[in-house]
Student: 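Please read through the structure below; I'll follow up with questions.
Quantities reported herein were computed from a predicted structural model and do not represent experimental measurements.
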Amino acid sequence: MDLTGGFTLDHSDSPAAPRSGTPAPGAPSTGLPAPGAPPRLPAQGGAGRRARPGTDAPPRAGAGDRPGLAGGAAEARGRAGDGGTGVRAGAGAADGGGRGGLRARPAVTELRLSAFARHRSAAHRLGPVTLFTGPSGSGKSTTLRAYEALARLCAGDTLGEVFPDAADCVPERARPDAQGRRGFRVGCTVDGPEGPVHLDLAVQVEPRLRIVGERLTGRGRTLLATALRDPGRPTVQAEWHTAGSTPVTRAPFPDDLLGTALLPLRVAGKTPGQLEVLAAAEQVVVGLRSAFACDPRPASMRTPVPPGEGRLRRGCGNLAEVLHRTHTDCPRRHHRLAAVAAAGCAGPVTGVGVQELPEGTVRAVLERGGRPATPLARLGDGELRYLALALTLLTGPGVLEMDRIAEVPEAMQSLTLLADGLDRGLDERQAAELLALAVGIAADGHVRVAGTVGARTAAQARRTPGVTVVDLGT
């Protein structure tokens, strides 16, 4: 039975799912589901009275807020006896779970680009450190963009905020259907305590930007399915697994928000089926929201900045402010950064310091032992990018300007660094040092890396144990 109103979704564990850039035979040219009947889930138990429309739980305060891991979901997990985190330690292991520590951190282990920009029917396995390479125009940057887009949707951003230029994501050869619609499809698999959980999404771009199909599956069961039932309304029809006296719950969801991220606000967590849905949704949300896109811009890193909260921004223009904080709050990591700087920067380096200037700003310097310190403003672009990326790897969500999940203990959270042009401006030695640092940090299970690199660094990475290289040019 078609669960998404005509929208056929790929699954990573299906033998028929293609893993190359070749379109699947008979794939629709638009990449979009056809409008149709609401999705139907298989019954899990006897028939019974329907839940009241719109929810299977009482209204909660804050239900109009952005989606995420809500207090109601944590309460449901607490009633189930697992501490309210939604993640059970020791219940499973994500890929690269670490050396003997907690192995229950959710992690994205596959990215699917069913129809996105120049990608068709592509599925990429992701390891602890994954680097995409290929010639210019092969789709390296758009691959990372798809990952970041899923992460932002899980954090509660609207479709318009995530895709301000959505037309660029539609495959060039996608022809409009009879209703003049075109769009794209993406998805991922998040591994963790609940096993592999698959999220797949269809987005209509023309004539109006909206989500027209979403499916969340785990352990062979469809847990959530949405479909466009009435094109004239700004909603999709959603059904999620209940397995109580009522096998499923149906409700309209807004067509500009990810349904999976809304589930913790809508599911009561009273039946085994509801708890299963909550656990799978929370695993996906935690796994995807851990992403931090880092794109160091050396020009903005040379200017002294006022001290502040000390959370590193995407462009790393406030690097000195963050170093001012880590020098005091994280001395062990700061000391390790100094060792990394010594390995990748010119001249002798004995430390990374911060100077407070008379006008109330701070600037970072490389300490040179008995010689005068060198302000970071005097370093080359490659050295600045190298230091910023190393700092990102050595810190965690608390030191980065990213969406933190307050309801989940930090020991259960991880960081996925997204670095487009990871080796941009770096020489061979710096690239090798950064790769070694990434592999070493990722081995502990706290940090994962997905980046794009050129041919030279890709050749280095293929010789580096622990690095997965995906060549998009083949």
Side-chain angles (χ1 to χ4, degrees), residues 1-14 16-18 24 27-28 30-44 67 106 108-116 121-123 146 149-151 153-154 159 183-192 194-204 210-229 235-243 247-264 266-267 273-274 276-285 287-288:
M1 181 179 295
D2 193 337
L3 297 175
T4 55
F7 178 33
T8 302
L9 294 161
D10 298 329
H11 286 280
S12 61
D13 55 357
S14 170
T30 62
L32 291 174
R40 296 186 179 277
L41 297 178
Q44 306 295 329
V108 180
T109 55
E110 183 174 81
L111 181 66
R112 291 184 292 281
L113 308 176
S114 303
F116 187 77
S121 303
L150 288 170
L153 288 171
C154 267
L159 204 59
F184 57 84
R185 293 180 291 156
V186 293
C188 68
T189 297
V190 180
D191 218 327
E194 303 304 316
V197 179
H198 313 286
L199 171 66
D200 292 279
L201 192 66
V203 175
Q204 172 187 295
R210 66 195 309 180
I211 294 173
V212 292
E214 178 180 349
R215 188 160 69 183
L216 183 72
T217 58
R219 296 179 178 173
R221 189 195 311 277
T222 299
L223 303 173
L224 168 72
T226 74
L228 179 63
R229 186 176 186 181
T235 59
V236 291
Q237 182 71 12
E239 283 191 356
W240 59 89
H241 175 59
T242 304
V248 297
T249 299
R250 298 181 178 90
F253 276 8
D255 65 1
D256 63 342
L257 292 174
L258 189 70
T260 296
L262 290 170
L263 288 174
R266 306 297 292 271
V267 180
Q274 292 170 355
E276 183 181 356
V277 170
L278 276 175
E282 290 173 0
Q283 178 168 298
V284 170
V285 170
L288 277 168

Student: Just verifying a value: how many Å separate T222 OG1 and E239 CD, rounded to the nearest 0.5 Å?
Tutor: 10.5 Å
Student: Starting at CD of Q237, measure out to CZ of R250 and round the result to the nearest 0.5 Å.
Tutor: 7.5 Å
Student: Would you give the length of the straight line joining atom CG of D200 to atom NE2 of H198, rounded to the nearest 0.5 angstrom?
Tutor: 8.5 Å
Student: I need the T226 OG1 to L201 CG distance, nearest 0.5 Å.
Tutor: 7.5 Å
Student: Find the distance between CD (Q204) and CD1 (I211) and round it off to the nearest 0.5 Å.
Tutor: 11.5 Å
Student: Of all residues at least two apart in sequence or in a different chain, which pass the salt bridge (Lys or Arg N to Asp or Glu O under 4.0 Å) check with D255?
Tutor: R208, R210
Student: Kindly write out the residues that satisfy side chain to side chain contact (heavy atoms under 4.5 Å, CB included) with A149, not counting sequence neighbours, or none if the list is empty.
Tutor: V162, F163
Student: Just by modelled atom types, is the V190 backbone N or O under 3.5 Å from a matching donor or acceptor in the Q283 side chain?
Tutor: yes
Student: Determine, stepwise, if the pair F253 / R266 fulfils side chain to side chain contact (heavy atoms under 4.5 Å, CB included).
Tutor: CA-CA 10 Å; F253 276 8; R266 306 297 292 271; 3.4 Å; yes
Student: At their closest point, which heavy atom of G287 faces which heavy atom of V108, and how far apart are they?
Tutor: O-CG2, 3.9 Å
Student: Taking R221 first and then E276, would you say they form a salt bridge - that is, a charged N and a carboxylate O separated by under 4.0 Å?
Tutor: yes
Student: So which heavy atom on A146 is nearest to which on L113, and how close?
Tutor: CB-CD2, 3.4 Å
Student: Looking only at heavy atoms, what is the nearest atom pair of G259 and L224, with distance?
Tutor: C-CD2, 3.8 Å
Student: Stepwise, does the side chain to side chain contact (heavy atoms under 4.5 Å, CB included) test hold for L199 with E214?
Tutor: CA-CA 7 Å; L199 171 66; E214 178 180 349; 3.7 Å; yes
Student: Return the minimal non-hydrogen interatomic distance between L263 and L216, and the atom names on each side.
Tutor: CD1-CD2, 4.1 Å
Student: So which atom in L288 and which in C154 form the shortest heavy-atom distance, rounded to 0.1 Å?
Tutor: CD1-SG, 3.5 Å
Student: About how many Å separate CG of L223 and OG1 of T260, when rounded to the nearest 0.5 Å?
Tutor: 9.0 Å
Student: Looking only at side chains, do T189 and R112 share a donor and an acceptor under 3.5 Å apart?
Tutor: yes
